[in-house]
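Only one structure is covered here, and it is reproduced in the block below.
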Number of protein chains: 2
Amino acid sequence: MALDDRKKQVLQAIVDDYVTTYEPVGSKSLIERHDFTVSSATLRNEMAELEKLGLLEKPHTSAGRIPSDKGYREYVDSLMRVDDLTESEKKEIEERISESVDEVTDILKNAADTLSETTGFVSLALSPRLQGSYLMQLKILMIEPGKALVVVVLSAGVVKDKVVRIPNFLTNEQLYKISSAVERHVAGKSLDEITYITLATSAKEESEIPESMLNQVLYEAYTAIKQADRLDVYLQGEHRMLSLPDFSELSRARDLLGTLSKDGMVAGYVNEIERTARDEGRDDTYMIRIGQEIALEGLDDCSFITTTYKLGDTISGNIGIIGPKRMDYSKVISQINFVRKKINDNIKRIYE
Amino acid sequence: MALDDRKKQVLQAIVDDYVTTYEPVGSKSLIERHDFTVSSATLRNEMAELEKLGLLEKPHTSAGRIPSDKGYREYVDSLMRVDDLTESEKKEIEERISESVDEVTDILKNAADTLSETTGFVSLALSPRLQGSYLMQLKILMIEPGKALVVVVLSAGVVKDKVVRIPNFLTNEQLYKISSAVERHVAGKSLDEITYITLATSAKEESEIPESMLNQVLYEAYTAIKQADRLDVYLQGEHRMLSLPDFSELSRARDLLGTLSKDGMVAGYVNEIERTARDEGRDDTYMIRIGQEIALEGLDDCSFITTTYKLGDTISGNIGIIGPKRMDYSKVISQINFVRKKINDNIKRIYE
DNA sequence: TTTGGCACTCGAGGTGCATGAGTGCTAAAA
DNA sequence: TTTTAGCACTCATGCACCTCGAGTGCCAAA
């Protein structure tokens, strides 16, 4: 898209104005608020052309123009400048990000809360994608007859566990034997490559437990392992969207919150963005999806901005916000970037 | 409150009508919809008296009457009849309540989801109150140098755990020793009576670990135990409130969702209801709070209906809904009662 | 005590009109 | 060729005004 300088300037001015006033911007007010060296009539012509290019649109004939999705896209891709936060803005965020937290999930929740508060939008955090990580330990602890706790320790120090039922008459010793046998066989393997077959056959060779008993335990252990890489999503600040003029129509707000409440959808979508980006070999610090680019119901007026945090070298997850597409992108991006940095710092602190 | 029969009848009819139509009900429409043997003028007189008694109120002069909080209270306390659900209603709920779930939290979430779907309101579930339960086991598992998992097993088979940091150079054996020593001392005690002092002094006598190392581990174990009885709350279906006419004003919806998002508040409040009820020696299957009786901001137009589920003989928690005070109380109560029964069944199934 | 009747209230919803911020287009100026 | 001034046109918004109807309270008769 080869826009001449003036067109760029006009588009940028319109986005800036619209984002702050939430009113369709017309040629006159544009002249008033910015120091263009040309007249409003000229701007009108420029605006008409930008509209032909699909970068602007009119809500109705006698109103000003607003940016289209494509217009926003052009804006974020090549017009916008992302500045660093000011010291006071940084301080404000730092005060909210607590350092006294020892678990990844808590770090993420805390960061997401902060993000929602500072942006005023919905924030979301995805748990780390663990499929590629390795199983380090697997313990099965007897809780009481018939009940055990399967503890799965993954590389990068992530711990997951699950209460499972086991045969009533299984003794502590027997359970211990099974547990060690299984652990010996699966330790060091990546989550992807562990299947029930490998787990079952290998374990059976070693222990002298009756097969019927063994099977149940193995099965439970297997499901515990498999569910360790379940993608959790944490959404925060939905109610904040109700304060935005963009959702002053109740029906919009309803659609939005309705979709957000199906949190598997959001998680899946963000995961998808991430995967696509990786497939395309892009390695941006942040990812943006605007309006219709998002194929989720009720999110036509929203944008996603997400970024990636790291857990060691190979494991990553996402955190970001869902806001109205009419937002101050550069500001929000700086905020997200800063929070991301804080998360990474905090995670490193925990895992030395 | 000694109402004569006709007044009762009138109040009941008004509540019933208002709840279904969401329109202030006037004397005429009341006559039309119900078969009163008197004229509208008589009803007008009755209604005027009911208003004097504070059971009805007028939104404005030329409109019909709506029940006041006190009116609703009278209705639920002595007018309403709670019927059993029909078979098909039961079936519908039973289909959603999954039986294949093995953890209490999952049972509760599943039940709350069901409740929100069938009522169309917000549902909430509180985790069981564990303060009074006994500590059965305490294990500290080494995850990697410097990091351990504290597993707390409580009576009634509830398991809680927490990842903690420990001194880097602590060996597996040392940790095991500490772990067993602590366990021997706290096992069988109730969560309330365990203090850091008792835990620390008793453990120190037994093990031969340097005190500085010991302290950190003990402290972490202690916090893990203490946080085991943290009250978790699960809220579901907030977005459904946006579809209700009661919250068609955006500002109301905003206030409501704003308060609900502070979930400690809701949890605290429900816990309080429960405590009060117990203090007063009441042992109802359900508890109702209407409108202004709830001292939370933005919930003036809401009612809480909660009920208690049991985990064994001594441990309990709550589940219920938050809906508009203009709701079909008897229907919702039946639904909640039925779901409660299902929860109790499911819990029993897990804990034999 | 009940009822019919009547005057009154007031919100909801419809119509009409003025306002003003916007537009596109054209013809003249640069 | 590009820019600009001017002009006719559009249309959402807000206000004033009106009507309608469902409600009320009260009074006098049954």
Side-chain angles (χ1 to χ4, degrees), chain A residues 3-11 13-15 17-18 20-68 71 245-246 248-250 252, chain B residues 3-11 13-18 20-68 71 245-246 248-249 252:
Chain A
L3 294 180
D4 62 57
D5 275 1
R6 194 168 62 195
K7 282 205 181 54
K8 281 187 187 171
Q9 216 186 330
V10 172
L11 178 56
I14 289 178
V15 173
D17 274 19
Y18 183 60
T20 50
T21 65
Y22 192 57
E23 256 161 32
V25 358
S27 50
K28 254 191 190 155
S29 44
L30 204 54
I31 286 267
E32 272 170 31
R33 259 194 297 269
H34 304 263
D35 25 273
F36 283 102
T37 55
V38 294
S39 78
S40 69
T42 311
L43 289 190
R44 272 207 289 287
N45 292 333
E46 293 284 27
M47 286 160 81
E49 286 180 58
L50 283 170
E51 188 178 349
K52 268 201 200 87
L53 291 171
L55 298 169
L56 294 181
E57 49 194 33
K58 279 184 290 193
H60 54 263
T61 343
S62 71
R65 305 277 205 313
I66 62 174
S68 66
D246 312 73
S248 59
E249 270 171 74
L250 203 61
R252 274 172 204 276
Chain B
L3 294 181
D4 62 57
D5 276 358
R6 195 168 62 195
K7 282 207 182 54
K8 282 187 187 169
Q9 214 186 331
V10 173
L11 179 55
I14 290 179
V15 172
D16 285 343
D17 274 19
Y18 184 59
T20 51
T21 64
Y22 193 56
E23 258 164 27
V25 357
S27 49
K28 256 191 189 154
S29 43
L30 203 54
I31 287 265
E32 274 169 31
R33 259 195 296 270
H34 304 263
D35 24 273
F36 283 101
T37 56
V38 293
S39 77
S40 68
T42 312
L43 289 190
R44 273 208 288 288
N45 292 333
E46 293 285 26
M47 287 161 80
E49 286 180 58
L50 283 170
E51 188 178 350
K52 269 202 199 87
L53 291 171
L55 297 170
L56 294 180
E57 48 194 33
K58 278 184 290 193
H60 55 263
T61 344
S62 71
R65 306 283 207 306
I66 62 174
S68 66
D246 313 73
S248 57
E249 269 171 76
R252 274 173 204 275

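Protein chains get the first letters and strands the later ones, always in sequence-line order, with residue 1 at the start of each. No hydrogens, no waters, no symmetry mates; every other heavy atom, side chains included, goes into these values.
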Between D:dT4 (P) and A:Leu30 (CG): distance, integer Å: 14 Å

Atom pair distance, as rounded to whole Å: CD in A:Glu49 and C1' in D:dT2: 11 Å

Partner of A:Asp4 under side chain to side chain donor-acceptor pair (under 3.5 Å), chosen from A:Lys7, A:Lys8, A:Arg6: A:Lys7

Contact under 4.0 Å: A:Arg6 side-chain N or O vs D:dT2 OP1/OP2: no

side-chain N/O B:Ser39 vs C:dT3 OP1/OP2, d < 4.0 Å: yes

Distance in Å, B:Leu55 CG paired with B:Arg65 CZ, rounded so as to fall on 0.5 Å steps: 12.0 Å

Spacing of A:Leu56 atom CG relative to C:dT23 atom C1', expressed in whole Å: 14 Å

Can you give each donor-acceptor pair under 3.5 Å made by side-chain atoms of residues 20-28 of chain B, sequence neighbours left out, with the distance rounded to 0.1 Å?
| unit_1 | atom_1 | unit_2 | atom_2 | d |
| --- | --- | --- | --- | --- |
| B:Thr20 | OG1 | B:Asp16 | O | 3.2 |
| B:Thr20 | OG1 | B:Asp17 | O | 3.0 |
| B:Thr21 | OG1 | B:Asp17 | O | 3.0 |
| B:Thr21 | OG1 | B:Glu23 | N | 3.1 |
| B:Ser27 | OG | B:Arg44 | NH1 | 3.3 |

Closest contact, heavy atoms only, B:Leu30 versus B:Ala13: CD1-CB, 3.9 Å

CD1 on B:Ile31 to OG1 on B:Thr42, rounded to 0.5 Å: 7.5 Å

Gap separating the CD atom of B:Glu49 from the CG atom of B:Leu3, nearest 0.5 angstrom: 10.5 Å

Distance in angstrom units between A:Leu43 CG and D:dA5 P, rounded: 12 Å

Minimum-distance pair of heavy atoms, taken over all atoms of B:Leu11 and B:Gly71: CD2-O, 4.1 Å

Rounded distance (Å) that lies between atom C1' of C:dG22 and atom CD of A:Glu32: 13 Å

Sugar-phosphate, base or nothing in reach of A:Ser40, heavy atoms under 4.0 Å: nothing

Protein-nucleotide distance (A:Lys7, atom NZ; D:dT3, atom P), rounded to Å: 9 Å

Using nucleotides 24-30 of chain D, report all nitrogen or oxygen pairs with the protein that are shorter than 3.5 Å.
| unit_1 | atom_1 | unit_2 | atom_2 | d |
| --- | --- | --- | --- | --- |
| D:dT24 | OP1 | B:Arg65 | NH1 | 3.0 |
| D:dT24 | OP2 | B:Ser27 | N | 3.2 |
| D:dT24 | OP2 | B:Ser27 | OG | 2.9 |
| D:dG25 | OP1 | B:Arg65 | NH2 | 2.8 |
| D:dG25 | N7 | B:Arg44 | NE | 3.4 |
| D:dG25 | O6 | B:Arg44 | NH2 | 3.3 |

Which residue lies more 5' along DNA chain C, comparing B:His60 with B:Glu46 via nearest heavy atoms: B:Glu46

Separation of D:dA22 C1' from B:Ile31 CD1 (nearest whole Å): 15 Å

